[in-house]
K.L.:
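Structure below; questions to follow.
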Amino acid sequence: MTAPAQGEEPEKPQQDSSEEVPRTVSGRERRIALRVNWRTKFAEHTFKYAMLACSLAVLAVMVLIFVQLVLHSKLSLQQFGFKFFTGSTWDPVSGDFGAWPFIFGTLLSSLVALVIAVPLAVGVAVFVTEMCPRPLRGFISFMVELLAAIPSVIYGLWAIFILAPLLRQYVEPWLGKYFGWTGLFTGPAYGIGMLAAGVILAIMIIPIISSITREVMQVVPQQQREGVLALGATRWEMIRMGVLRNARAGIFGAVILGLGRAIGETMAVTMVIGNRPAVAKSLFAPGYTMASVIANEFSEATDDLYLSALVEIGLALLIVTVIVNACARLLVWSITRGTPSRSYV
Amino acid sequence: MFSAKGVLGLRRRFTNHLFTAAAAMASLLVLAPLFAIFGYLLYKGLGSVNWAFLTHTPKPIGETGGGMANAIVGSGLILAIASAIGIPLGIGAGIYLSEYGKSRYAQVVRFTADVLNGVPSIVMGIAVYALVVIPQGHFSAFSGGVALGIMMIPTIARTTEEMLAMVPNVIREAALGLGIPQWRTTLSITLRTATSGVITGVMLAFARIAGETAPLLFTAFGNQYWSLKPNQPTAALPLQIYVYAISPFDEWHRQAWAGALVLIAIIVGAVSIVRVIAARHRVSHSA
Amino acid sequence: MGVGIEVRDLNAWFGKAQVLQDIQMNVEPNHVTAVIGPSGCGKSTFVRCLNRMHETIAGARVQGKVQVGDIDVYGSGTAAVDVRRRIGMVFQKPNPFPTMSIYDNVAAGLKLNGYRNRKGLDVIVERSLRMAALWGEVKDVVKKKSGASLSGGQQQRLCIARALAVEPEVLLMDEPASALDPISTGKIEELIFQLKEQYTVVIVTHNMQQAARVADYTGFFLMGKLIEFDKTQKIFTTPSDKRTEDYITGRFG
C-alpha cells in the first residue's frame, strides 16, 4: 500500500514496509465506524467544565473571603455600628473598641509613602523608558523588579536595625531643626514611628508604581513623541507633553495601585511604626495601622467581641483595598486594553 | 529679539538638563536601598549562617547556638501544600480564560483576579483562619498552605492566560486538523508550546508567597520544635525571622539576619531561574 | 486509497455574512482537484468545510451535506475529530509545533489520539517523512532538531508528513505554497503529483499556473458560489462561463 516518494532521495525506498506497519486505524473502525459523537463531546465538556471550575475558584475565593469576614465581624458590627470607625478608644479589657487611631495611622503612613514614592517612581520610569542608555535599561528594571521580590519581613528587619537608627540620629534631628515649624516634625526622635513606616512603605511601593507607569508610557504611540519633537521640543518637553500627558490616566492608576499596596502592607510597618494607638500630628510619634493591629493582636484576642472587632478592621481593609484596586485596574486597563499587567509585583 | 530667543533657548535647555538629572537621581535613590538591604543581609547574615543554623532547631532563650532547621523544613512543607493548591487551580483558570474566555463571565473573572491580587495578605489570613483553623480547632501547616495557595491563583491564572494567548492560532489549527480533540490540543500542544512562559508565572507567584509572613501569623502559627505533620502548628522561615527580629536578644537578632539571608537566597534563586527561562523563551520565539 | 467527495447544497456563514452558497461538487478519488478564485471568494472556507475546520472559528456555521467516502461529515452521529483524522489538512503558513522535535511533530497526531506502539511509530514517522520527500534531509536529526528550526519549505513538507502520518484518505491543502520560495514550491508541486496515487487531494490556490500544473480538475469560485467545475484543461482552454474566462484571462480582480 505504500508507494514512497521517489525523486531526490538517495536511499532506496522501503517498498515492503507495509507489512510491518501496524495499522493505526483498525479495519473495523474504518468500515463502520466513526467514534460516537457523544463520547468525544463528553470528553470535551468534561475538560471545559473542569477549567471552568478552576476559574470559578477565583470568584469563590473572593466571595468566601467577604462572607467569612462579614460573618465573623457580626458581633462588632451590631455592637458599635458606624461609631466603630470614629471612636478613638481601643480597650480590650472593658470591651470598648474604636478603630479611628488605626484608620488614621493607615491613612497617614500611606500618604507619607505616596509623597516620597510617586516622584521617585515616575522618575525611574521616565529615566528607564526615555533617557537612559540602552545597556543600562535592562539592568535598572531588573534591579527595580528585585526590589519587589524582597519579602516584607526582610524590609522590616532592615528598617528596625538600619533605617530607624539612621532616622533617629541624622534625619529626624535635621528635619526637626529646619521644618519643625510645620508641626509635622516635632517631639523626640525615636527613629521608630510614623516617618519610618512611611519611608519603608515608600521603598516597597516604588516598584509597582514605576513598572506600571513604564507599561502605560510604552503604550503611548511613537507618533505622539515624534509629533512633539517635530515642533522643536527638547527631550524633556517631549516627555512632558508627548508622553506623560497621554499616559496620565494610567500613571494615576499606578499610583492608586501603589496606595492599595501601602494600605494593606503589614509586616514591615508593624515592625517599625511603634504600635501605639494614638492620633498624633507629628510624624516622629509612634502610631498604629489597621493591618498592624490585626497582626499583633489577632492570635491573642480571646473573647469574641475583641476578635470580632479585629475581623471588622480586616473587613474594612478588604473593602477599601477592593475599591482602590478596582478603580486602579480600570484606569490601567483603559490604557493597556485589558491585557494582564506584565509586572507582577 | 535675537537675544531674547537665545535666553529662551538657554532656559529650555537648562530645564531639559535639570529634569534629565532629576530622573537619573531618582533612579539612584531608588536603587540605593536595594544595595543597602543586600549589603546588610550579606554583612550580617553571612557570619551567622553555618551548618548548625541549617540543621538545628532553636535553643531556649538565653542559650547560644541553635538554628532554624525546623523553620526551613516547615516553610518547605507549607509551600508544597500551597503549590499543590495554587498551581493547578491557577493554570486551569488561565486555560479557561485564554481558550474559552470570550464571555462576559470571563471578563468578570479577569477583573476579580486582578483585584484579588491586591487584597492584603493579612486579610487572606483572617479568612483562612475562619474557614480552616476554626473548624479544625487548631493552627496547622495545612491552613497556612491554603492561605498561601489561594494567593498564588490570581497571578498564575493571569500569566498563564497571557502566555497561552501568545501561542499563534495556526498551531491550534494544525492540531485540530490532525483530528486531535480540542482538550488534548489545549493540554498537549498549546500549553506545551507555552510551557516556559507558564513556568515563569508559577515561579513569580512562588517567589511572592515564599516570603509572606502576615497570612501565616494565625494559620501556620509557628513552632519551636520539629513538626512535619500538616495538621500541627508549624514553623516557617519568615515567621521565625519576624519573631526573632522583634525580640530583645542579640543572639536572636543575629539569627534573624541569617534566616533573612537564606530566605532571600531562595527567592532570588527563583527569580533568576525565571529570568533565564524567560530569556531563552524570547530567543526561541525570535529564532 | 483515496475516496471521492460529494458536496450537496453546502452553505456557510461567518456570523450573519454568508460566505458559501449552494455548492454542489463531486470530487474524483485519487485525483488532484484545484479550487481557484479571487481572494474572499470562499475557496478557503470551502475546503475548511470539508473537514469541519470551519466550525472552529467563533460564529461560523455550516449547512448542507458532505459525503467523503463512507463518512457523512455533518451526520448527527459523526464526531468532528474523526472527520479531521481521516481528512488531513495542510495550511497556508507552515505551522509545525515549535517546541517539538521533527519526530514528535510527525508522531503527534497518532500519539495524541492514543497510539502507543513505539516501533510502529518509528516506521510510520519514517514512511511519512519519505512520502513528504523530507527524510533524506532530516534523517540524522529527527529527534534532535525542533520542527521550527527547519527552513520554510522544509517546514511545509514536515506539515505534509505530519498530516500523512495519521493515514488520511483525503488531503486538503489550503494554499500550501503561497508562503514559499519558487524552489520549495516546485518540490511541493512534485509531491502533490505523487500523493495522488494514494490520496484524493484538494488544493486551494490563488496561483492559476499552479492549478494548471498540478490539478486534474479545477473549480472556479466567485463571491461564495461555484461558478464552474470541470477538467482543468477544459477550464483553462475553453471555459463555458464568461466569468471564468474573464478571471482566467486576467480581466477580472
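Residue numbers begin at 1 in each chain, while the letters A, B, ... track the order of the sequences.
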K.L.:
Checking heavy atoms, do the side chain of Ile65(A), its backbone, both or neither come under 4.5 Å from chain B?
P.N.:
both
K.L.:
Identify which part of Leu120(A) has an atom lying under 4.5 Å from any heavy atom of chain B, answering side chain, backbone, both or neither.
P.N.:
both
K.L.:
Does any backbone or side-chain atom of Ile150(A) lie under 4.5 Å from a heavy atom of chain B? Answer side chain, backbone, both or neither.
P.N.:
both
K.L.:
Taking every non-hydrogen pair under 4.5 Å, which of Val30(B), Ile246(B), Ile153(B) racks up the most with chain A?
P.N.:
Val30(B)
K.L.:
Using non-hydrogen atoms only, which part of Ala57(A) is less than 4.5 Å away from chain B: side chain, backbone, both, or neither?
P.N.:
side chain
K.L.:
Identify which part of Ile294(A) has an atom lying under 4.5 Å from any heavy atom of chain B, answering side chain, backbone, both or neither.
P.N.:
both
K.L.:
Below 4.5 Å from any heavy atom of chain B, which atoms of Tyr155(A) appear? Answer side chain, backbone, both or neither.
P.N.:
side chain
K.L.:
Taking the side chain as C-beta and beyond, is there a heavy-atom pair between Glu237(A) and Arg12(B) under 4.5 Å?
P.N.:
yes
K.L.:
Side chain, backbone, both or neither: which part of Leu56(A) has a heavy atom under 4.5 Å from chain B?
P.N.:
both
K.L.:
With a 4.5 angstrom heavy-atom cut-off, is it the side chain or the backbone of Met131(A) that approaches chain B, or both, or neither?
P.N.:
side chain
K.L.:
Of the listed residues (Glu212(B), His253(B), Met124(B)), which shares the most heavy-atom pairs with chain A below a 4.5 Å separation?
P.N.:
His253(B)
K.L.:
Could you tell me if the side chain of Phe47(A) sits less than 4.5 Å from the side chain of Thr186(B), heavy atoms only?
P.N.:
yes
K.L.:
Are side-chain N/O atoms of Ser55(A) and Tyr105(B) paired as donor and acceptor at under 3.5 Å?
P.N.:
yes
K.L.:
Within the 4.5 Å heavy-atom criterion, are Ile200(A) and Pro33(B) side-chain neighbours or not?
P.N.:
no
K.L.:
Which bit of Ile134(B) comes within less than 4.5 Å of chain A, counting heavy atoms only: side chain, backbone, both or neither?
P.N.:
side chain
K.L.:
Applying the side-chain contact (heavy atoms from CB on, under 4.5 Å) test to Val123(B), which of Leu317(A), Thr321(A), Ile319(A) qualifies?
P.N.:
Leu317(A)
K.L.:
Any side-chain heavy atom of Asp114(B) sitting closer than 4.5 Å to one from Asn325(A)?
P.N.:
no
K.L.:
Walk me through whether Phe161(A) and Trp257(B) qualify under side chain to side chain contact (heavy atoms under 4.5 Å, CB included).
P.N.:
CA-CA 10 Å; Phe161(A) 294 108; Trp257(B) 282 104; 3.9 Å; yes
K.L.:
Given a strict heavy-atom distance threshold of 4.5 Å, which part of Leu157(A) is in contact with chain B: side chain, backbone, both, or neither?
P.N.:
both
K.L.:
Please check: side-chain N/O of Gln182(B) versus main-chain N/O of Glu44(A), any donor-acceptor pairing under 3.5 Å?
P.N.:
no
K.L.:
If you count heavy-atom pairs under 4.5 Å between each of Pro154(B), Ala36(B), Ala157(B) and chain A, which one has the most?
P.N.:
Ala36(B)
K.L.:
Where does Ser210(A) contact chain B at under 4.5 Å (heavy atoms): side chain, backbone, both or neither?
P.N.:
neither
K.L.:
Is the closest side-chain heavy-atom distance between Val144(A) and Leu31(B) below 4.5 Å?
P.N.:
yes
K.L.:
If we ignore hydrogens and angles and just use 3.5 Å, is the side chain of Asn16(B) paired with the main-chain N or O of Thr234(A) as donor and acceptor?
P.N.:
no
K.L.:
Which of the residues Phe221(B), Tyr244(B), Phe218(B) is involved in the greatest number of heavy-atom pairs with chain A at under 4.5 angstrom?
P.N.:
Phe218(B)
K.L.:
Could you tell me which portion of Leu69(A) (side chain, backbone, both or neither) has an atom closer than 4.5 angstrom to a non-hydrogen atom of chain B?
P.N.:
side chain
K.L.:
Give, as side chain, backbone, both or neither, the part of Leu29(B) having an atom under 4.5 angstrom from any heavy atom of chain A.
P.N.:
side chain
K.L.:
Is chain A contacted by the side chain of Phe19(B), its backbone, both, or neither, given a heavy-atom distance below 4.5 Å?
P.N.:
both
K.L.:
Heavy-atom pairs under 4.5 Å with chain A: which of Ile241(B), Leu187(B), Thr20(B), Leu217(B) has the most?
P.N.:
Thr20(B)
K.L.:
Against Val58(A), only a single residue in Ile150(B), Thr112(B), Val115(B), Leu89(B) fulfils side-chain contact (heavy atoms from CB on, under 4.5 Å); can you say which?
P.N.:
Thr112(B)
K.L.:
Report yes if some heavy atom in the side chain of Leu263(B) is under 4.5 Å from a heavy atom in the side chain of Pro151(A); otherwise report no.
P.N.:
yes
K.L.:
Parallel, tilted or perpendicular, judged at 30° and 60°: which one describes the rings of Tyr129(B) and Phe298(A)?
P.N.:
perpendicular
K.L.:
Taking the side chain as C-beta and beyond, is there a heavy-atom pair between Trp333(A) and Arg110(B) under 4.5 Å?
P.N.:
yes
K.L.:
Need one label for Asn275(A): side chain, backbone, both or neither, based on atoms under 4.5 Å from any heavy atom in chain B.
P.N.:
neither
